[in-house]
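One structure is given below, encoded as C-alpha cells.
Each ligand, and each atom within it, is numbered from 1 in the order the structure gives. Below, each value reflects all heavy atoms present in this structure, side chains not excepted, and no hydrogens, waters or symmetry copies.
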Amino acid sequence: MDIVKLYNTQTRKIEDIISGEPDGILRIYCCGPTVYNYAHIGNFRTFLLQDVLRRLFLTMGYSVKFVRNITDIDDKTIRGAQLENISLRSFTERWTDIFHRDCEALNILPPNVEPKAASHIAEQIAMIETLIQKKHAYIAADGSVYFRLSSFSDYGKLSRIDIKQLATQSENSAGRINLADEYDRDSVHDFALWKAYKAEDGDVFWESPWGKGRPGWHIECSAMSMKYLSETIDIHGGGIDLCFPHHENEIAQTECVTGKPFVRHWFHSEHLQVEGQKMSKSLGNLFTLADLKDKGYDAPIVRYALISGHYRQILNFTLSGLDAARSALAKLKTKIANLLKKSNFSFNEGFFPQDMTYYHFGTAIEALKNDLNIPKCLGEIFSVLNNVKNVESFLEELYVLCFILGIERSIFYGEQNPITVEIPSDIAELAAQRWEAKRNKNFTESDRLRQLLIQRGWNIIDQKDRYELEKMGS
Ligand code: AMP
Ligand code: ZN
C-alpha cells in the first residue's frame, strides 16, 4: 500500500492517512446533499473532490468503506413537499434520483452505503436519549431537546472557535441576546437535537419519548456514521462551510455518547465561486449540470473543470475555464487515440494496479499522494504528454491517472465524440440532413431520419447549436 498524505483541518498539519482500525479498512464519511432541488456545481465540486480522493485510495491499495448520507429531513425538504402537496418521501426520492443521475453523468462512484436521515429515526432517538441520561442534553418546555454546549469542554476544537467569543457575538448590536428565549434554550448556542412538532411541519413528524417532532440536522450524521462505520472514523469530509457549526456539533454529540474521539482526520474542501462571486440565485450565477449542458458543456468537461483547482483553495468557476477544460480533454483524447492505434494496450474497468512503477507519470502520481494536488498532477500530465518512452507503459500509467481523476470513461472509452470509432460517410450525411430538418422545424422528417440512424446503430445527441453522433453500444 502506498501512503497518501492529507491536510487535517483539526491539527492543521499534513499527515499520513492510515486506517486506525484492526481490520485495516479506511472508514470515510462525507456529508451528502440535502435533496430538495438540483444540486449545484458548488456542491458537485465538493462531491467530486471526495470522489477523486476515494479513487486515489483505491488505486494506492487501501481498502475503503465510503458512506455518504442523504439529508431528507429539514425545513427545505418539508416546505418543498408541502408546496407540491405530496409526501416528504415522494418529494425527496425524486430529488435523490435526480442527484444520482447527475452523479452518474459526472462519473462519481456510488457510495458503499448511502443512508437517509428519515430511515434512521430510531438510531437518532437512541443517541439523544443517551445524551439526556448523561446530562449533555435537556428537554425544553415545548418538547424540543437541546445539546448543552457548556457540558462539552472540547467544543470548538476543530474550527478553533472560542465559545466565550461566541457568547459575545450572540449579542446583537443593541446589546440584546439574540432571541434565546424564543427558542426556549438555556444558552443561545445550545443546538437542537430534536425539534418539537410545529403546525407548519404538517404531516412530517415522528413519535419520540419527548412527544412528536423530528430530529435536528446534525444528529443524523453522528448516528449514521456510527451505525455504518464505527465510533471513531478515519476520515470525515465536507465543504468548508460545514466545519462550524455542523461538524463541531457532530463531534460534541458523538464524543459525549461514546467517550472516544469521533474523527481521526478532517477533510474539508474550499468553496466554488462563479466569476469571482459567491453563487446565489439572486445573482443568476447558480449553475446546475443541466444548465451547463444547455450551454453545450457536457458532464465530463464540468468534472474536469471542477476538480482542476487545489481543494484547499477557492476555485473561481468561469465559462472560459470550461472551454479550457474542453480543450484539455480533447488534447488528451487525441493523444491517447493515436497511441491506442499503435499498441495492444487493453484496459479493464476497476483495475487497481499494485506496486506499479511509473516511468512517465511518477511526479503526477506523487502530486496526488501529497495532499491531493490535482493542479500539479494535471500540469505534469501535460508536460510529459509528448515524451513517450514506451507506448504500453505510457498508456497504462495514463489510464491509472485518468481513473483517479475520474475522466477514464470519456478519455479511454470514448464516451462522447467517440475517438476510436470512425463515422461512415452515409451516416454522417443522414445526420446532417436530420440536423437541417430540425433547424427548419420539420420535426416529422427529423424524427424519421433519427429513427433511421437508430436502426443503423447510431444515436444523435443534440446540443444547443450542434450535435454529436454516438455509436450505440460502444
Ligand atoms: P447541502 O446540499 O447544502 O447540504 O451541501 C452539500 C455539500 O456541498 C456540503 O458538503 C457543502 O459544504 C457543499 N457546498 C455547498 N456550497 C458549496 C460551494 N459553493 N462550493 C463548494 N461546496 C459547496
Ligand atoms: Zn454531516
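- In this structure, Glu231 and Glu255 have side chains that are not in contact, with every pair of non-hydrogen atoms separated by 4.5 Å or more.
- In this structure a side-chain-to-backbone donor-acceptor pair under 3.5 Å is present from Tyr197 to Gly202.
- Numbered from 1 in the order shown, with element, the atoms of ligand 1 that lie under 4.0 Å from a heavy atom of Thr46 read 10 (O), 13 (C), 21 (C), 22 (N), 23 (C).
- In the vicinity of Gly32, heavy-atom distances shorter than 4.0 Å reach the ligand 1 atoms 4 (O), 6 (C).
- Geometrically, ligand 1 and Arg45 share no nitrogen or oxygen pair separated by less than 3.5 Å.
- In terms of N/O distances under 3.5 Å, ligand 1 is approached by Leu272.
- Contacts between Lys278 and ligand 1 below 4.0 angstrom, taking non-hydrogen atoms only, are absent altogether.
- Against a heavy-atom cut-off of under 4.0 Å, Pro33 is close to the following atoms of ligand 1: 2 (O).
- Residue Gly239 places at least one N or O, backbone or side chain, under 3.5 Å from an N or O of ligand 1.
- For ligand 1, the atoms closer than 4.0 angstrom to any heavy atom of Phe47 are 6 (C), 7 (C).
- Looking only at side-chain heavy atoms (C-beta outward), Glu366 and Glu380 stay at 4.5 Å or farther from each other.
- When atom types are taken as modelled, the side chain of Ser225 and the backbone of Cys221 share a donor-acceptor pair closer than 3.5 angstrom.
- The CG atom of Leu272 sits 9.5 Å away from the CD1 atom of Ile314 when rounded to the nearest 0.5 Å.
- A ring-centre distance under 6.0 Å is found for Phe267 and Tyr311.
- The Zn ion (ligand 2) lies under 2.8 Å from an N, O or S atom belonging to Cys221.
- Atoms of ligand 1 lying under 4.0 Å from any heavy atom of Met279, numbered from 1 in the order shown and given with element: 19 (N).
- Looking only at protein heavy atoms, the nearest one to atom 21 (C) of ligand 1 is Gly42 O, 2.9 Å.
- Checking His247 against the Zn ion (ligand 2), every N/O/S atom stays at or beyond the 2.8 Å cut-off.
- Salt-bridge check for Glu270 with Arg312: failed, with every basic side-chain N at 4.0 Å or more from each acidic carboxylate O.
- Atom 17 (C) of ligand 1 has His271 NE2, 3.3 Å as its closest protein atom, hydrogens excluded (heavy atom only).
- Between the side chain of Asp16 and the main chain of Lys5, no donor-acceptor pair closer than 3.5 Å is present.
- Note: Tyr138 and Tyr146 have tilted aromatic rings, judged against thresholds of 30 and 60 degrees for the angle between ring planes.
- Here the two rings, on His310 and Tyr7, have centers that are 6.0 Å apart or farther.
- With rounding to the nearest 0.5 Å, the separation of OG in Ser19 from CG in Asp234 is 4.5 Å.
- The closest non-hydrogen atom to atom 2 (O) of ligand 1, taken over Asn69, Thr34, Ile240, Ile41, comes from Thr34.
- Looking at Asp241, Ile314, Leu306 and measuring to atom 11 (C) of ligand 1, the nearest heavy atom belongs to Asp241.
- Remark: aromatic rings of Phe99 and Phe47 are close, center separation under 6.0 Å.
- Ring centers of His218 and His247: at least 6.0 Å apart, outside the cut-off.
- Glu250 contributes OE2 as its N, O or S atom closest to the Zn ion (ligand 2).
- Within the 4.0 Å heavy-atom criterion, neither part of Gln273 lies near ligand 1.
- Within the structure, ligand 1 lacks Cys30 among the residues with a heavy atom less than 4.0 angstrom away.
- The protein heavy atom nearest to atom 14 (N) of ligand 1 is Asn43 ND2, 3.6 Å.
- Counting heavy atoms under 4.0 Å from ligand 1, residue Leu242 touches it through the side chain alone.
- Taking backbone and side chain together, Glu220 holds no N, O or S atom under 2.8 Å from the Zn ion (ligand 2).
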